Amino acid sequence: MKPATFVLFGATGDLAKRKIYPALYQLFVDQKLPSSFSLIGLGRRELSHETFQSNVEQSLLNFSRSEVKDAAVIKKFLRAFRYQVLDVERKEDYTKLLRVVEEREEELNITPNRMFYLSVGPEFFETIATNIHESGLGSVDGWKRLVIEKPFGHDLESARHLNQKLNQAFDETEIYRIDHYLGKPMVQQMGQLLHSALSEQELRSRSMASIQISANETLGVEERAGYYDHAGAIRDMFQNHMLQLLMMLTIELPNRSSVEEVGPLKRKIIKSLQPLHKMDVKHHIVRGQYGAGEIKEGQVVGYTNEPGIASDSQNDTFIAARLQSNDPFWKDIPLYIRTGKRLKEKVTRIVIEFKLEGPLKDLLIIEIGPNEGIFFQKSQSVQEHSEGELPIRNQVSFLKEGVTDAYESLIYDALMGDKTYFAHWDEVELSWEWVQPILEAYQENLLPLHIYPAGSFGPLEADELLARDGFHWWFDNKNASNDEATQGNVPTYHYNT
């Protein structure tokens, strides 16, 4: 791996502490960082290099998945870290930064390969990219790369505007849009594992009845009120993570691994989705907002009683969608997606249901988090199935390697110049094009906002979305009125398999 300078905007922020520093440390321990590596952290606060290094060490103690005990290893790792004050709006700060970067590169005698990682709010992306370009920070003899976090735009128009501005400073080949779901080992290997599972179980000749993708969270808005109340579940999760999961599942990749092959296949899938019209959104989309309820035997407030949230907020914390593809393989298979906050369990799961006569069904289950694996759940016959018995579940596919954190994989790939598991602009644009009518329906109040109790599986209307097609969400069942959410009562839930 070539020597590199890692320029980190937002170096004192929560993402850097929880994810970026632990990921870099693990790469260092695994000898996956360049032998000559320099990190320059940027922030508005005045900090000495020593204080910054001490703060990074504390983040490793709190969040690293490896033990942080060897003082010599830690010292060697932290030796690469420097700190520089920078106000993203102040052009002269970028000129000062350029001098610091060049001095550090000269000190280490390394080629000016520079990675600019924007761990900051999306409102700063355009400003930072422009100032990198105008200051000469991006005029390098080696490579330069821009790594940005979601959200990429607020809607289709803003995403196109942002991309246009970024392209004035960086080529598309130099822009790495992180979607951390794409860094998950199970997601990266899902195509191969699914192909293997279908072959082993001799299910390839069987017809799929439906596909369900769920990403449920037990957490509420937490400290993200300022961002989340403008984003909602549709922008925070659906437009990016959920549609990326759908693409990664349905492109079915038994042997492909390069960006040249993966990218076009993903774009083909998103293009195949039947478009929605804003007047028809209500037939395909359910939106919700959590009310008061109980999570893990503790009472929690409703969304509009959270700190920083307006009492009359109409923001969505849940979305369920029915999608249909025109792709020949998936054409007659309904695709259901849901994601939400303050739900009964934390899980990211894909369920493929196969066609069978009668009430019992065979399922292929892809667990992405918190557990990982692919399972085949075979129904017992009616004669075998009695009250209280469970279907037979066998694990049929395993990850090929030990589990790594998504940020470890993505930072390593970015340093290597591998864009396979980053979101390409075409995918981002096509996703926004599909989502835009839903945003318009929200804005024009063409879709009701359903209140659901915290600790439930979301609005009952999300069940009805599937029931119209003769399906139900697997692994949850609710017998509660949504009225209970507004009253702060917590319903009783019964599970089915």
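These figures come from a predicted structure and were not determined experimentally. Residue numbers start at 1 and run along the sequence shown.
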Looking just at side-chain N and O atoms, do [X] and [Y] make a donor-acceptor pair shorter than 3.5 Å?
X	Y	value
Q377	K361	no
S325	S272	yes
S214	N216	no
Y412	Q26	no
T317	Y452	yes
E126	H161	yes
Y421	D413	no

Once rounded to the nearest 0.5 Å, what's the spacing between atom [atom1] of [X] and atom [atom2] of [Y]?
X	Y	atom1	atom2	answer
L249	I368	CG	CD1	8.5 Å
Y117	L15	OH	CG	5.5 Å
L78	N55	CG	CG	10.5 Å

### Message
For E444, give me all partners under salt bridge (charged side-chain N to carboxylate O under 4.0 Å, His left out), at least two apart in sequence or on another chain.
### Response
K278
### Non-neighbouring partners of D236 that pass salt bridge (charged side-chain N to carboxylate O under 4.0 Å, His left out), sequence neighbours left out
K150, R224
### Message
Taking the basic N atoms (NZ, or NE/NH1/NH2) and the acidic carboxylate oxygens, is any pair closer than 4.0 Å for R267 and E429?
### Response
no
### Ionic contact status for K32 with E408, cut-off 4.0 Å
no
Can you check whether [X] reaches [Y] side chain to side chain, under 4.5 Å on heavy atoms?
X	Y	result
I365	W474	no
I211	L246	no
Y336	F471	yes
L166	I148	yes
F116	F9	yes
I20	F6	yes
V435	L243	yes
V281	L446	no

For the student: nearest non-hydrogen atoms of [X] and [Y], plus distance:
X	Y	answer
R287	N445	NH2-OD1, 3.6 Å
Y181	A215	OH-CB, 4.0 Å
Y83	R44	OH-N, 3.9 Å
S59	P22	O-CG, 4.4 Å
D179	L410	O-CD1, 4.0 Å
R235	N240	O-ND2, 2.8 Å

Check for a donor-acceptor pair, side chain of [X] on one end and backbone N or O of [Y] on the other, with a separation under 3.5 Å.
X	Y	answer
W434	Q274	yes
E353	D362	no
R145	A414	yes
Q53	F81	yes
W425	I175	no
R468	H283	yes
D229	G308	no
Y442	N315	no
T51	L47	no
W432	S158	no

### Message
Which residues pass the side-chain contact (heavy atoms from CB on, under 4.5 Å) test with E67, not counting sequence neighbours?
### Response
K69
### side-chain contact (heavy atoms from CB on, under 4.5 Å) partners for A11, two or more places apart
L8, Y21, F52
### Task
Would you please classify the geometry between the F422 ring and the Y176 ring as parallel, tilted or perpendicular, with 30° and 60° separating the classes?
perpendicular
### Query
Would you call the rings of H180 and Y407 parallel, tilted or perpendicular, where under 30° means parallel and over 60° means perpendicular?
parallel
### Message
F125 vs L146, test: side chain to side chain contact (heavy atoms under 4.5 Å, CB included). Steps then yes/no.
### Response
CA-CA 10 Å; F125 291 170; L146 182 72; over 6 Å; no
### Task
Name all residues meeting the side chain to side chain donor-acceptor pair (under 3.5 Å) criterion together with N305; count only those two or more places apart in sequence or in a different chain, and write none if there are none.
none
#### Entry: Candidate pair I319 and T339, rule side chain to side chain contact (heavy atoms under 4.5 Å, CB included), full reasoning
CA-CA 6 Å; I319 180 173; T339 183; 3.7 Å; yes
### Message
Go through it in stages, so that I can follow the logic: the residues are E433 and Q436, the test is side chain to side chain contact (heavy atoms under 4.5 Å, CB included), and I'd like the CA-CA distance, side-chain angles, deciding distance and then a yes or no.
### Response
CA-CA 5 Å; E433 285 181 357; Q436 188 61 36; 5.9 Å; no
#### Entry: Pairwise salt bridge (Lys or Arg N to Asp or Glu O under 4.0 Å) hits with a residue in residues 7-19, at least two apart
D14-R18, K19-D405
Heavy-atom neighbours of [X] [atom1] exceed 12 at 6.0 Å:
X	atom1	value
E172	CD	yes
E222	CD	yes
E46	CD	no

### Query
Given the rule in the side chain to side chain contact (heavy atoms under 4.5 Å, CB included) test, do D327 and T250 qualify, once you have shown the distances and angles that lead to the verdict?
CA-CA 10 Å; D327 181 84; T250 52; over 6 Å; no
### Message
With salt bridge (charged side-chain N to carboxylate O under 4.0 Å, His left out) as the criterion, how do K346 and E217 come out once you've worked through the C-alpha distance, each side chain's angles and the decisive distance to 0.1 Å?
### Response
CA-CA 5 Å; K346 176 179 174 59; E217 299 180 61; 5.6 Å; no
